[in-house]
J.: 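One structure, pasted below without further comment.
Sequence lines set the chain letters: A, B, ... in the order given, protein chains first and strands last, and positions in each chain run from 1.
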Amino acid sequence: MPELPEVEVVRAGLAPAVTGARVLGVEAHDVRALTRHPGTAADFEARLGGRTIVGTARRGKFLWMPLSDTASGAGPECIMVHLGMSGQMLLRAPGAPAERHERVRISIEHPDHGELAIVFADQRTFGSLAIDALIPTLDRQPGGYGDATPLVPQQAAHIARDPLDPAFDDALFRRRVAGKGSAIKRVLLDQTVVSGIGNIYADEALWAARVHPETPARDLSSRALNRLLAEVRAVLAKALAEGGTSFDAQYVNVNGEAGYFAHSLNAYGRHGEPCPRCGRMLIRVSFANRSSHYCPFCQRASRQR
DNA sequence: GGAATAACCTGGATGC
DNA sequence: TGCATCCAGGTTATTC
């Protein structure tokens, strides 16, 4: 499932191929891939045609590609992308056969690389593209990773910065967590508190920090919270270095290749196997319409203070 | 206002 | 072999 490392791999893969490229044409095959777009599919196609992609940026799981200004003088805009659970952004040669679950194809011409196709494919149709307005960030810091401009898509403005963002505010994160009575795992998954973390990396970071997923957030000591934040960063960075987590064909980079981090998972999906730390059995429990995987021995709720 | 829950969606895995 | 059911989970609207 695309979480921060997977989205960053996609962004980094797109950047050299799309920055400076002009949009030659757009084919929206499935309107479900445009649920975030405020207009029709025809409007999406018309507003994108002829524009130049001037960069790539990412905040948490949101990815965007700023566009050149329009002749009409409308404010700055971007192509906003959310991969949802199964979205893929693929780079293909012009005229390449349609991908399975292909929803949108954007044909571009790059001054150095020539013609290419950006293909958005999505099996479960939770992902979406949109043309969105770019608005100033409240803290006047760059809107996201990969672009120094202090602008962020309107639809991603409510999302907190992610832990790998240089402008991430550790103190603000601690204050927000300390004010929550919910389970710490639920707080980690709350994109308005900290972005980029999904079910996989939440389980991995909690395991690494020895924190029980159902510990009330406000019960965590400063020490435990600092340890957890450090482990979140470590897990995300390691996954990023290994190209992200792929269990099946659900996540691939822009060339259709899988990542390797699934081999490094310690807790997620390993229920019934021995804990790599203590050797006791890892378990899986139902949690907030999800599954939680943890070690009931070395992640005890009573050990947080 | 904060917190919890359901719904959206598809295809692979599983059970009968 | 074929059909029905379950499960995966990011985001958001709805409900409490």
J.: Looking only at side-chain N and O atoms, does His101(A) come under 4.0 Å of OP1 or OP2 in dG11(B)?
T.: yes

J.: Rounded to whole angstroms, how far apart are CZ on Arg124(A) and C1' on dA13(B)?
T.: 12 Å

J.: So if I take every side-chain heavy atom of Thr125(A) and compare against dT12(C), dT10(B), dT5(B), which nucleotide ends up nearest?
T.: dT10(B)

J.: Mind telling me whether Phe44(A) and His37(A) have parallel, tilted or perpendicular rings, with 30° and 60° as the class edges?
T.: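 Perpendicular: the ring planes of His37(A) and Phe44(A) meet at over 60°.
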
J.: With hydrophobic residues grouped by side-chain heavy-atom distances under 4.5 Å, do Leu206(A) and Leu282(A) end up in a single group?
T.: no

J.: When you measure from the side-chain N and O atoms of Lys180(A) to the phosphate of dG2(B), is any distance below 4.0 Å, counting only OP1 and OP2?
T.: no

J.: Give the rounded distance in Å between these two atoms: CG of Asp190(A) and P of dT11(C).
T.: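 For the pair Asp190(A) CG and dT11(C) P, the rounded distance is 10 Å.
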
J.: Salt bridge or not between Asp139(A) and Arg161(A)? Use side-chain N to carboxylate O under 4.0 Å.
T.: yes

J.: Counting side-chain heavy atoms from C-beta on, which of dC8(B), dA4(B), dT10(B) comes nearest to Phe126(A)?
T.: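 The nucleotide sitting nearest to the side chain is dC8(B).
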
J.: Output yes when at least one side-chain N/O atom of Arg36(A) is less than 4.0 Å from OP1 or OP2 of dG10(C), else no.
T.: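 Indeed not, no polar side-chain atom of Arg36(A) lies that close.
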
J.: May I have the distance from Leu189(A) (atom CG) to dT11(C) (atom P), rounded to whole angstrom?
T.: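 In whole Å, dT11(C) P lies 9 Å from Leu189(A) CG.
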
J.: For Arg32(A) and dC9(B), give me the distance from atom CZ to atom C1', rounded to whole Å.
T.: 8 Å

J.: Which comes earlier along DNA chain B counting from the 5' end, the contact point of Ala183(A) or that of Arg290(A), where each point is its nearest nucleotide?
T.: Ala183(A)

J.: Taking only N and O in the side chain of Gln191(A), is any of them less than 4.0 Å away from OP1 or OP2 of dG10(C)?
T.: no

J.: Quick one: do Arg58(A) and Asp162(A) make a salt bridge, cutoff under 4.0 Å?
T.: yes

J.: Could you state the CD-C1' distance from Gln123(A) to dA13(B), rounded to the nearest angstrom?
T.: 13 Å

J.: Is the phosphate of dA4(B) approached by Ser182(A) (side-chain N or O, under 4.0 Å from OP1 or OP2)?
T.: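 Yes.
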
J.: With heavy atoms under 4.0 Å as the rule, sort Gly181(A) into base, sugar-phosphate or nothing.
T.: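 Since only primed, P, OP1 and OP2 atoms lie under 4.0 Å of Gly181(A), the category is sugar-phosphate.
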
J.: I need the CG-P distance between Asp162(A) and dG10(C), as an integer number of Å.
T.: 15 Å

J.: Measure CD1/Ile184(A) against C1'/dA3(B) and give the value in whole Å, please.
T.: 15 Å

J.: Between Lys185(A) and Asp203(A), does any NZ, NE, NH1 or NH2 come within less than 4.0 Å of an OD or OE carboxylate oxygen?
T.: yes

J.: How would you label the contact of Phe287(A) with the nucleic acid (heavy atoms, under 4.0 Å): base, sugar-phosphate, or nothing?
T.: nothing

J.: Expressed in angstrom and rounded to an integer, what is the separation of Gln155(A) atom CD from dA13(C) atom P?
T.: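 Atom-to-atom, Gln155(A) to dA13(C), this comes out as 11 Å.
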
J.: Ignoring hydrogens and angles, are the base of dA4(B) and the side chain of Arg186(A) linked by a donor-acceptor pair under 3.5 Å?
T.: no

J.: Give Ser291(A) one of three labels, base, sugar-phosphate or nothing, depending on what nucleic acid heavy atoms sit under 4.0 Å from its own.
T.: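 The answer is sugar-phosphate, as Ser291(A) gets under 4.0 Å only of primed atoms, P, OP1 or OP2.
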
